[in-house]
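Just below is one structure, and these are the notes that go with it.
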Amino acid sequence: VSLFGEEGKREEHVLQESDSDAKVALVTVDGLIHSGRGVSFVGDAGTVECLKEQLNRAAVDEDVAAVVLRINSPGGEAVASDLMWHEVRRFRKHTGKPVAAWISGVGASGAYYLACGADAIVAHPNSVVGSIGVIVHLVNLKGLMDKLGLGVEVIKSGARKDTGSPFRELTEQERVDVQGMITRLYERFLGIVAEARGRDKDAFRPIADGRVMGAEAARAAGLVDAVGYLEDALSIAMKKAKLKRAKLVQYQRPGTWRPNVYSPWATMRRLDALLELGPAFGRHAAGGTVVVAGLQQKADDEAPRPEHLGR
């Protein structure tokens with residue numbers, strides 16, 4: 001999530017010009033998948049809300065003929081991952097516009113779940129793909145509490161109301177119950193992978209043990225359609241939409257900019273608020289360079305346009 005957040009209605013920003021009115025929307029999912037608020041000074045929406053907002057823009061714009069869904073995420077919440085997968089499928093069904101997913105770095109667990117909602121999946125040559133599975137971490141502090149001579153009094157309405165409490169061990173029945181829930185979620189995940197990839201669930205079960213793999217291994221295992229770069233995913237999306245030329249656009253907040261197609265979050269044009277946070281943040285006026293915590297970025301340079309994409 002972005003440290004400084006982004007607010008306001010998203011506006012269209014052209015990353016690549018074209019003499020055609022047709023557009024391909026670049027939609028980015030970056031970082032942990034979650035349904036709550038992000039971690040920033042001004043507050044960011046969860047990844048589900050951000051994805052839905054961008055897909056809505058692409059849906060109502062008649063000139064947008066396809067979407068490239070750029071993914072770089074280790075996964076996250078099971079419900080949030082499922083909602084995002086559902087929204088991508090719903091977008092395809094209701095608009096008839098194709099979606100090509102591009103795993104730019106990591107497409108693991110819930111992020112791969114999300115990618116399965118697309119028409120095609122392309123993985124960067126050095127990306128990490130897979131981790132099909134579900135996990136729950138339950139902390140047990142009982143031993144530490146005993147050593148410290150501390151205890152917790154629990155008043156509950158039923159025997160299992162505090163299942164998963166860090167202050168006691170699971171009972172055998174609770175362990176069975178939690179494992180059953182995990183197994184049901186896993187089987188749904190595996191079924192979604194099998195449906196998306198056009199194979200039987202059992203064909204993927206040997207590799208659906210939580211392992212991750214490189215892009216070429218993922219292609220050989222049938223988890224992705226191709227190994228390539230953003231332009232390859234863009235080419236697939238345009239081919240499915242029967243386009244020869246198109247503008248590449250993305251949706252960003254007012255007062256922000258993205259220097260090029262590889263920028264997942266916007267850089268704030270105005271960092272005045274940061275200057276009030278202390279001496280660690282400062283501005284160097286010469287050449288329009290903004291210095292923030294030792295990093296610098298040309299604030300006023302025009303964003304470069306990668307003309308080779310989609311031409």
Side-chain angles (χ1 to χ4, degrees), residues 1-3 5 29-41 43-50 71-85 103 105-116 127-193 201-202 204-214 217-218 221 223 277 280 293:
V1 291
S2 174
L3 180 63
V29 174
D30 193 277
L32 192 67
I33 292 175
H34 62 101
S35 53
R37 300 292 292 180
V39 182
S40 72
F41 292 127
D44 256 352
T47 50
V48 180
E49 184 178 342
C50 286
I71 299 172
N72 184 25
S73 168
E77 298 174 10
V79 171
S81 300
D82 185 78
L83 285 172
M84 294 173 78
W85 166 83
I103 297 173
V106 180
S109 196
Y112 182 71
Y113 192 125
L114 162 62
C116 287
S127 64
V128 175
V129 181
S131 189
I132 299 169
V134 184
I135 188 171
V136 130
H137 295 281
L138 298 176
V139 177
N140 184 358
L141 300 177
K142 185 177 183 302
L144 177 62
M145 299 284 284
D146 290 344
K147 286 183 179 181
L148 295 175
L150 300 175
V152 177
E153 293 289 343
V154 178
I155 301 172
K156 53 188 179 181
S157 59
R160 300 185 192 176
K161 184 60 179 174
D162 62 342
T163 297
S165 168
F167 305 118
R168 68 173 179 83
E169 296 179 351
L170 288 173
T171 67
E172 286 305 313
Q173 185 57 56
E174 287 172 337
R175 193 176 300 278
V176 169
D177 291 344
V178 173
Q179 183 60 60
M181 178 180 66
I182 296 300
T183 300
R184 286 191 294 275
L185 290 172
Y186 168 75
E187 289 296 330
R188 172 169 171 75
F189 190 169
L190 189 57
I192 283 170
V193 172
K201 287 170 65 173
D202 289 336
F204 291 106
R205 202 175 293 276
I207 62 169
D209 55 1
R211 75 181 70 179
V212 294
M213 58 187 72
L223 295 181
L277 297 177

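All figures in this text were calculated on a predicted structure; none of them were measured in a lab.
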Looking only at heavy atoms, what is the nearest atom pair of [X] and [Y], with distance?
X    : Y   : answer
S73  : I33 : OG-CG1, 3.6 Å
L83  : V48 : CB-CG1, 4.0 Å
V106 : P74 : CG1-CA, 3.9 Å
G76  : L32 : CA-CD1, 3.9 Å

Could you state the interatomic distance from [atom1] ([X]) to [atom2] ([Y]), rounded to the nearest 0.5 Å?
X    : Y    : atom1 : atom2 : value
M181 : L185 : CE    : CG    : 6.5 Å
D30  : C50  : CG    : SG    : 11.0 Å
I132 : C116 : CD1   : SG    : 7.0 Å
S131 : M213 : OG    : CE    : 10.0 Å

Taking only residues two or more places apart in sequence, or in another chain, which ones meet [X] in a side chain to side chain contact (heavy atoms under 4.5 Å, CB included)?
X    : answer
V136 : L138, V178, I182
R205 : Y186, E187, L190, K201, D202
L148 : L144, L150

Anything under 3.5 Å between a donor and an acceptor, one on a side chain of residues 160-167, the other on a protein residue two or more places apart or in another chain? List them.
{"unit_1": "R160", "atom_1": "NH1", "unit_2": "D177", "atom_2": "OD2", "d": "2.4"}
{"unit_1": "D162", "atom_1": "OD1", "unit_2": "K156", "atom_2": "NZ", "d": "2.8"}
{"unit_1": "D162", "atom_1": "OD1", "unit_2": "R168", "atom_2": "NE", "d": "3.4"}
{"unit_1": "D162", "atom_1": "OD1", "unit_2": "R168", "atom_2": "NH2", "d": "2.8"}
{"unit_1": "D162", "atom_1": "OD2", "unit_2": "K156", "atom_2": "NZ", "d": "3.4"}
{"unit_1": "D162", "atom_1": "OD2", "unit_2": "R168", "atom_2": "NE", "d": "3.0"}
{"unit_1": "T163", "atom_1": "OG1", "unit_2": "R160", "atom_2": "O", "d": "2.8"}
{"unit_1": "T163", "atom_1": "OG1", "unit_2": "E174", "atom_2": "OE2", "d": "3.0"}
{"unit_1": "S165", "atom_1": "OG", "unit_2": "F167", "atom_2": "N", "d": "3.2"}

Can you give the donor-acceptor pairs under 3.5 Å from side chains of residues 107-114 to other protein atoms, not counting sequence neighbours?
{"unit_1": "Y112", "atom_1": "OH", "unit_2": "L223", "atom_2": "O", "d": "2.6"}
{"unit_1": "Y113", "atom_1": "OH", "unit_2": "D82", "atom_2": "OD1", "d": "2.4"}
{"unit_1": "Y113", "atom_1": "OH", "unit_2": "R188", "atom_2": "NE", "d": "3.3"}

Checklist entry - Does any pair with a residue in residues 135-144 pass side-chain hydrogen bond (donor to acceptor under 3.5 Å, both in side chains), and if so which ones, sequence neighbours excluded? => result K142-D146

Next on the checklist: According to salt bridge (charged side-chain N to carboxylate O under 4.0 Å, His left out), who are the partners of E169, at least two apart in sequence or on a separate chain?
Outcome noted: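 For E169 there are no salt bridge (charged side-chain N to carboxylate O under 4.0 Å, His left out) partners, ignoring immediate neighbours.
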
Next on the checklist: Run the salt bridge (charged side-chain N to carboxylate O under 4.0 Å, His left out) test against K147 and tell me which residues pass, sequence neighbours left out.
Outcome noted: none

